[in-house]
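Quick notes on the structure that follows.
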Amino acid sequence: MGMTITEKILAAHAGRDRVEPGELINVKIDLALGNDITAPVAIREFEKIGVDRVFDRERVVLVPDHFVPNKDIKSAEQSKILKEFARKHGLTHYYEVGRMGIEHCLLPEQGLVGPGDLIIGADSHTCTYGGLGAFSTGVGSTDLAAAMALGETWLKVPESIKFVYYGEMPDWVSGKDLILYTIGRIGVDGALYMAMEFTGPAVEGMSMDGRLTMANMAVEAGAKNGIVAPDGVTRRYVEGRAKRPYVFYASDPDARFAREYHFDVSKMEPAVALPHLPENVRPVSEVLNITIDQAVIGSCTNGRMDDLREAARLLKGRRVNGNVRLIIIPGTQEIYRQAMREGLFEIFLDSGAAISTPTCGPCLGGHMGILAEGERCIATTNRNFVGRMGHPGSEVYLAGPAVAAASAVMGRIAHPREVE
Amino acid sequence: MEIKGKIWKFGNDVDTDVIIPARYLNTSDPGELAGHCMEDADPLFAKKVRPGDIIVAGKNFGCGSSREHAPIAIKAAGVSCVIARTFARIFYRNAFNIGLPILESAEAAGKIQEGDEVAVDLEGGIITNITRNETYRATRVPPFMQQIIAAGGLINYVAERMKKRGDT
Ligand code: SF4
């Protein structure tokens, strides 16, 4: 019996020839990650263990990104804990405001994660790096503390579900729409504890940005990880970027999958997830009459170059509706610079949008665009839970950058071709 | 450990933003977090809950973010145990790691009602509904996770391992 890509990466890091779904295994980790919310708790726990150093100062990465630039005194205190810990332990990868980015945009871009890696992070969207063909998953702060000390963690080998996306991608449909559609089909616990393997011609034809978007939201289906087998697109992305050697794995033809889904993307439309669960997905044409107060383009799901370019394509020469605030948040300093070079900022500013320094900000209702009671936002983020972006009586609609940009122009949820 | 308390019942897919909204995550102080526990589902929960009370919920409890602040808030609010049909995976790990007892039982999640008086035998995985005079079985906890509990949480477990490895 063959193995899936997820099983192969886990086996390699457990020092074994093979692993079976359901087994509890100890694995070596290539990298451990924490942010300004989860790392302070992890550091407090780490200090209780009684060791005086981290397992490898080049493999513990701290990125203050959620509330930075610090929004208030309390968050400043949290960030300070990270800075002091990074200094004390000589961490090579601590990213300060001005050099940082949203962690899951930043780590792939900086070549800190690569194909075949095993990564854990105290952030649920750590699963993003599956887009590169890595096994990566989110854990809590105490797990991070243990991993920072040991360089190991324990995991249960997940069963895998295979998703095959075929057919030609319609215009304005992107990786975000595919993953929203998928979550709409299987539900927010449809892949609970499992690995989601994204395959098929539509994924093979997708850029790295699109793949990272898809893997990013695996957790929204309850999955442990999402993964795309590395290929030529991956090679071009990691060459000259990866800071460590990488390995390309692929599932064997006779690998075991618990379930298989085949989706024809040519029949898809841009998708929107209605409040208050990411599984409440509709084709955009069914929800066109919903007015909005705010649109957010950014986050670890859709804060990359492809996303900003797609938004710019629609915003060029158009104005944001008078009733709407459009907030655009490039995911990293590099993306910020690149967007500026390509002239996207000119387009955004002309349209009446605000451009923010990289931050999670409104995605988790932190700062930089909080909603009042009764306000509605269309966002390229990943969660639309009650109160996620502000007041418990506000609403978040999830979509890709094209729908978000078109909606900002129309003042209501809109199909991109309505403004095209 | 004897667990006995009154039930607070919640539905399916209770997410970590409901358990502890992100607007309060600029602190990790358990007492402060407890004051906002379950706030967006029931603004008065933190005031009404009594030490020892038990939360019962449907499927996928704790879905969403990895924030350990969620089980910390529940524990610090005085809740002695969470029983659900299923748990989201990061929440499941976190609860064990910080020592918040949790049990999976579809039967208990279905039959227990708000306000019931319930006793829990953690080792045996037996849930007794005193109000309705019923008992339910919970899914067995894997032996490895029992070791973590026996060590008093993951940090103690790791500290012991490091000692054996001679790292400290
Ligand atoms: S952008 Fe949003 S989902 Fe991504 S890491 Fe930040 S808060 Fe979490």
Side-chain angles (χ1 to χ4, degrees), chain A residues 24 36-38 40-42 44-46 48-52 66-67 71-78 121-126 137-146 149-150 154 156 158 187-189 192-193 219-220 222-224 276-277 279 364-366 370 383 385-388 390 392, chain B residues 12-18 21-30 32 39-41 43 58-61 63-72 85-99 142-145 148 153-163 165 167-168:
Chain A
L24 284 170
D36 49 332
I37 290 179
T38 58
V41 180
R44 188 166 74 201
E45 295 303 312
F46 177 86
K48 288 186 200 156
I49 297 174
V51 280
D52 53 9
H66 281 61
F67 294 145
K71 69 164 179 135
D72 56 17
I73 294 170
K74 279 185 179 174
S75 42
E77 301 291 347
Q78 306 241 100
D123 189 278
S124 58
H125 291 101
T126 302
T137 192
V139 295
S141 296
T142 302
D143 273 316
L144 172 62
L150 290 169
W154 67 271
K156 189 164 155 189
V188 290
D189 63 348
L192 195 59
Y193 298 106
V219 66
E220 265 64 64
K224 171 170 270 175
H276 290 286
L277 276 182
E279 71 183 21
L364 81 160
I370 303 304
R383 290 191 178 132
F385 300 148
V386 171
R388 174 74 179 179
Chain B
N12 289 330
D13 305 309
V14 172
D15 61 76
T16 51
D17 281 275
V18 160
R23 57 186 179 276
Y24 304 119
L25 296 185
N26 55 3
T27 176
S28 61
D29 176 68
E32 262 187 76
E39 186 173 292
D40 286 358
K59 70 174 178 77
N60 203 24
F61 185 87
C63 63
S65 108
S66 69
R67 63 189 71 152
E68 211 159 280
H69 311 62
I72 291 173
R85 190 184 174 85
T86 53
F87 290 91
R89 62 162 279 278
I90 306 178
F91 185 91
Y92 185 85
R93 282 181 86 109
N94 287 349
F96 276 96
N97 288 346
I98 68 142
F144 171 72
M145 315 236 12
I148 293 180
L154 182 67
I155 291 304
N156 290 342
Y157 177 81
V158 171
E160 278 169 29
R161 269 198 57 195
M162 302 283 294
K163 247 182 237 145
R165 256 169 49 168
D167 282 6
T168 47

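Chain A is the first sequence line, chain B the second, and so forth, proteins listed ahead of strands; every chain is numbered from 1.
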Q: Under the side-chain hydrogen bond (donor to acceptor under 3.5 Å, both in side chains) rule, what do B/R89 and A/T137 come out as? Steps first, then yes or no, please.
A: CA-CA 10 Å; B/R89 62 162 279 278; A/T137 192; 2.9 Å; yes

Q: Using a strict 4.0 Å threshold on nitrogen-to-oxygen distance, state whether A/D36 and A/K71 make a salt bridge.
A: no

(Q) I'd like to verify something: which residue of A/T38, A/V41, A/V139, A/D123 has the highest number of heavy-atom pairs under 4.5 Å with chain B? (A) A/V139

Q. Between B/F144 and B/Y157, does the ring centre distance come in under 6.0 Å?
A. yes

Q) Checking A/I73 against chain B: side chain, backbone, both or neither under 4.5 Å from a heavy atom? A) neither

(Q) Taking every non-hydrogen pair under 4.5 Å, which of A/I370, A/V386, A/L192 racks up the most with chain B? (A) A/L192

Q: Considering only heavy atoms and a distance below 4.5 Å, find which of B/T16, B/L154, B/N12 pairs most often with chain A.
A: B/L154

**Q.** Proximal component of B/I98, with respect to chain A [non-hydrogen, under 4.5 Å]
**A.** side chain

(Q) If we define contacts as heavy-atom pairs under 4.5 Å, which of B/D13, B/T86, B/N156, B/I72 has the most with chain A? (A) B/D13

**Q.** Which of B/P21, B/C63, B/G64, B/A41 touches chain A most, by non-hydrogen pairs under 4.5 Å
**A.** B/G64

**Q.** Nearest-0.5 Å distance that lies between atom CG in B/L25 and atom CD in B/E32
**A.** 11.5 Å

Q) CG/B/N60 to CZ/B/F87 distance, rounded to the nearest 0.5 angstrom? A) 10.5 Å

Q.
Please classify the contact between A/Q78 and chain B as side chain, backbone, both or neither, with a heavy-atom cut-off of under 4.5 Å.
A. side chain

Q: Could you have a look at B/R67, B/M145, B/K59 and say which one has the most heavy-atom pairs with chain A under 4.5 angstrom?
A: B/K59

Q.
Less than 4.0 angstrom from a charged side-chain N to a carboxylate O is my criterion; do B/K163 and B/E160 meet it?
A. no

Q. Of the backbone (N, CA, C, O) and the side chain (C-beta and beyond), which part of B/F91 lies under 4.5 Å from a heavy atom of chain A, both, or neither?
A. neither

(Q) Could you check whether B/R93 pairs with A/D143 (Lys NZ or Arg NE/NH1/NH2 to Asp/Glu carboxylate O, under 4.0 Å)? (A) yes

Q. So what's closer than 4.5 Å to chain B heavy atoms on A/L24: side chain, backbone, both or neither?
A. side chain

Q. Using non-hydrogen atoms only, which part of B/P43 is less than 4.5 Å away from chain A: side chain, backbone, both, or neither?
A. neither

Q: Return the option, out of B/N94, B/I155, B/I90, B/D40, with the maximum number of heavy-atom pairs under 4.5 Å with chain A.
A: B/I155

Q: Just give me the residue among A/K224, A/H125, A/R44, A/H276 that pairs up with chain B most often, heavy atom to heavy atom, under 4.5 Å.
A: A/K224

**Q.** Gap between atom CG of B/D15 and atom CZ of A/F385 - 0.5 Å precision
**A.** 4.5 Å

**Q.** Nearest-0.5 Å distance that lies between atom CZ in A/F67 and atom CG in A/D72
**A.** 7.5 Å

